[in-house]
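A short write-up of the structure that comes next.
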2 protein chains.
Amino acid sequence: MLESASEILKANNMSVTASRQQILSLFFDKDRGALRHSDIEKQLDNLDRVTIYRTLQVFSDKGLIHPISGSDGVTRYALCKGNCSEGHHHDNHVHFYCHKCSQTQCLNEVQIPKVELPGIFTVRNIEMLIHGVCQHCKN
Amino acid sequence: MLESASEILKANNMSVTASRQQILSLFFDKDRGALRHSDIEKQLDNLDRVTIYRTLQVFSDKGLIHPISGSDGVTRYALCKGNCSEGHHHDNHVHFYCHKCSQTQCLNEVQIPKVELPGIFTVRNIEMLIHGVCQHCKN
DNA sequence: GTAACTGCAAAATATTTGCATCCTT
DNA sequence: AAGGATGCAAATATTTTGCAGTTAC
């Protein structure tokens with residue numbers, strides 16, 4: 001477990017608990033793909049299912065992680081890259097889902113392009129998910 | 001029920017059944033938003049849940065409707081606009097989710113813009129979902 | 001000590017599968 | 001008549017809620 005997990009929790013006004021440290025550390029360990037609830041449950045089988053759901057919710061509310069909704073109906077979460085804050089995400093990057101390894105990753109360097117919408121719509125947030133084969137599975 | 005429902009089914013090599021006609025007609029009636037399984041279940045309460053799931057799957061396979069996966073975890077479906085065929089969707093338009101009325105609609109006239117991905121990825125499909133307030137709820 | 005966090009039980013919702021029966025062609 | 005479509009039962013998966021007990025600060 002990272003030493004810094006507790007620092008990060010403190011810095012974001014969350015009480016430091018074992019569950020939170022373990023879950024947050026997982027996100028730092030795992031640099032490849034976004035994590036599903038079930039991934040976390042498998043790796044931290046000492047934690048209750050419900051605790052994991054609630055922790056993911058809190059982390060998301062605090063701007064530590066952001067949810068990614070894929071076409072397989074399972075919500076994944078990935079670390080926010082610094083510019084998110086409590087109650088407001090700024091993750092305007094593209095997400096990539098690989099249908100070979102079923103991993104979802106953030107393409108942090110790829111910005112979501114602007115779209116022209118008729119003025120009758122008010123835009124709050126844009127999600128862009130690209131499906132295909134990732135760098136690891138392409139071979 | 002549209003007379004044309006049975007025509008469309010025939011034209012796409014599907015046997016013409018009461019369930020399929022009713023479900024397909026719903027999609028033609030409903031011009032505003034995409035339909036969830038539960039919407040259909042409510043409106044056609046003579047049909048079995050499972051039949052609705054299977055019918056949506058078949059329609060999607062045949063290119064009549066396309067699935068839209070939103071961040072609320074519920075799959076919605078909307079009519080394809082003519083250029084889709086069996087086994088291959090071409091719905092490269094933007095989808096819009098209104099968080100006031102919870103409706104999802106296709107913005108058929110708004111194309112998904114091109115994105116530059118590093119060559120290490122193979123792209124198969126792109127989804128773009130915009131959240132905000134729709135034309136009906138804006139007031 | 002108090003408020004927040006966790007675990008357990010249970011419920012709600014979404015979706016899938018197997019099988020026997022019915023309907024379309 | 002044959003094969004596909006449907007209905008029913010049941011299983012699986014995901015997520016939420018309530019409450020009582022525990023822990024962080």
Side-chain angles (χ1 to χ4, degrees), chain A residues 1 5-26 34-62 64-77 86 97 102 104, chain B residues 1 5-26 34-62 64-77 86 97 102 104:
Chain A
M1 188 184 312
S6 73
E7 311 290 315
I8 295 171
L9 290 171
K10 276 179 208 155
N12 286 275
N13 297 309
M14 283 175 271
S15 40
V16 178
T17 67
S19 324
R20 289 181 179 174
Q21 289 182 77
Q22 289 179 72
I23 295 176
L24 188 51
S25 297
L26 257 197
L35 296 173
R36 295 169 299 181
H37 175 276
S38 61
D39 296 326
I40 299 171
E41 197 180 359
K42 264 173 229 145
Q43 288 179 73
L44 303 176
D45 59 357
N46 56 316
L47 298 185
D48 190 80
R49 242 206 303 324
V50 177
T51 299
I52 299 174
Y53 276 114
R54 290 194 269 229
T55 304
L56 290 172
Q57 185 61 60
V58 172
F59 284 1
S60 179
D61 290 347
K62 292 285 184 176
L64 259 52
I65 60 179
H66 59 276
I68 306 169
S69 32
S71 3
D72 64 355
V74 185
T75 303
R76 282 158 229 259
Y77 292 88
E86 181 159 357
Y97 174 80
S102 299
T104 299
Chain B
M1 187 186 309
S6 72
E7 312 289 316
I8 295 171
L9 290 171
K10 276 179 209 156
N12 286 276
N13 297 309
M14 282 176 270
S15 41
V16 179
T17 68
S19 322
R20 291 181 178 174
Q21 289 181 77
Q22 289 179 73
I23 295 176
L24 188 51
S25 297
L26 257 197
L35 296 172
R36 295 170 299 181
H37 175 277
S38 61
D39 297 325
I40 298 172
E41 196 180 0
K42 264 173 228 143
Q43 287 179 74
L44 303 176
D45 59 358
N46 56 316
L47 298 184
D48 190 80
R49 244 206 300 329
V50 177
T51 300
I52 299 174
Y53 277 114
R54 291 196 268 229
T55 303
L56 290 172
Q57 185 60 61
V58 172
F59 284 2
S60 180
D61 289 346
K62 293 284 184 175
L64 258 54
I65 61 179
H66 59 275
I68 305 169
S69 32
S71 3
D72 64 355
V74 186
T75 303
R76 282 157 229 259
Y77 292 88
E86 181 160 355
Y97 174 80
S102 299
T104 298

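Quick note on labels: first sequence line is chain A, next is B, and so on, each numbered from 1. Basis for what follows: all heavy atoms, side chains included, without hydrogens, waters or symmetry-related copies.
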Have a look at B:Ile68 and tell me which of B:Leu35, B:Thr75, B:Thr104 forms a side-chain contact (heavy atoms from CB on, under 4.5 Å) with it.
B:Thr104
Can you see which heavy atom on B:Ser69 is nearest to which on A:Gly70, and at what distance?
CB-O, 3.8 Å
Near DNA chain D, counting only heavy atoms under 4.0 Å, which residues of residues 46-54 of chain A show up?
A:Arg49, A:Val50, A:Tyr53, A:Arg54
Provide, to the nearest angstrom, the distance between the CD atom belonging to B:Glu41 and the P atom belonging to C:dT16.
14 Å
Send over the distance from A:Phe59 CZ to C:dT6 C1', rounded to a whole Å.
14 Å
Steps toward side chain to side chain contact (heavy atoms under 4.5 Å, CB included) verdict (A:Ile23, A:Tyr77):
CA-CA 11 Å; A:Ile23 295 176; A:Tyr77 292 88; over 6 Å; no
Base, sugar-phosphate alone, or nothing: which one does A:Ser38 contact when heavy atoms must sit under 4.0 Å apart?
nothing
Restricting to non-hydrogen atoms, name the atom on A:Ser6 and the atom on A:Gln21 that form the minimum distance, rounded to 0.1 Å.
CB-OE1, 3.8 Å
Is there a side-chain contact between A:Asp48 and A:Ile52, using heavy atoms and a 4.5 Å cut-off?
no
It should be established whether B:Thr55 places a side-chain nitrogen or oxygen under 4.0 Å from OP1 or OP2 of nucleotide D:dA5.
no
Rounding to a whole Å, what distance do you find between B:Met14:CE and D:dG3:C1'?
17 Å
What does the list of N/O pairs under 3.5 Å between the protein and nucleotides 1-4 of chain C look like, with a distance for each?
none

Roughly how far, to the nearest 0.5 Å, is CG of A:Leu56 from OG1 of A:Thr51?
10.5 Å
Check for a donor-acceptor pair, side chain of A:Arg20 on one end and backbone N or O of A:Ser15 on the other, with a separation under 3.5 Å.
yes
Using a heavy-atom cut-off of under 4.0 Å over every strand shown, decide if B:Val16 touches base, sugar-phosphate, or nothing.
sugar-phosphate
Mind calculating the distance between CG (B:Leu44) and C1' (D:dA5) to the nearest angstrom?
16 Å
Mind calculating the distance between CD (B:Gln21) and P (C:dC23) to the nearest angstrom?
15 Å
Answer yes or no: is there an ion pair linking A:Arg49 with A:Asp45, defined by an N-O contact shorter than 4.0 Å?
no
If I take atom CG in residue B:Leu56 and atom C1' in nucleotide C:dA14, what distance separates them, rounded to the nearest angstrom?
13 Å
Rounded to whole Å, the CD-P distance (B:Gln57 to C:dA14) equals 17 Å
Answer with yes or no whether the side chains of B:Asp39 and B:Gln43 bring together a donor and an acceptor at under 3.5 Å.
no
CG of A:Asp72 versus P of D:dA13: gap in Å, rounded?
14 Å
Grab the two heavy atoms, one from B:Tyr97 and one from B:Ser102, that are nearest each other, plus how far apart they are.
OH-OG, 3.6 Å
Taking for each residue the nucleotide of DNA chain C with the nearest heavy atom, is it B:Lys10 or B:His37 whose nucleotide lies nearer the 5' end?
B:His37
Which pair of non-hydrogen atoms, one from B:Ala5 and one from B:Leu24, has the smallest distance, and what is that distance?
O-CD2, 3.9 Å
If each end axis of the helix from C:dG1-D:dC25 to C:dT25-D:dA1 is fitted on five C1' pair positions, the angle between them, to 10 degrees, is 30°
Tell me whether the centres of the aromatic rings in A:His37 and A:Tyr53 are closer together than 6.0 Å.
yes
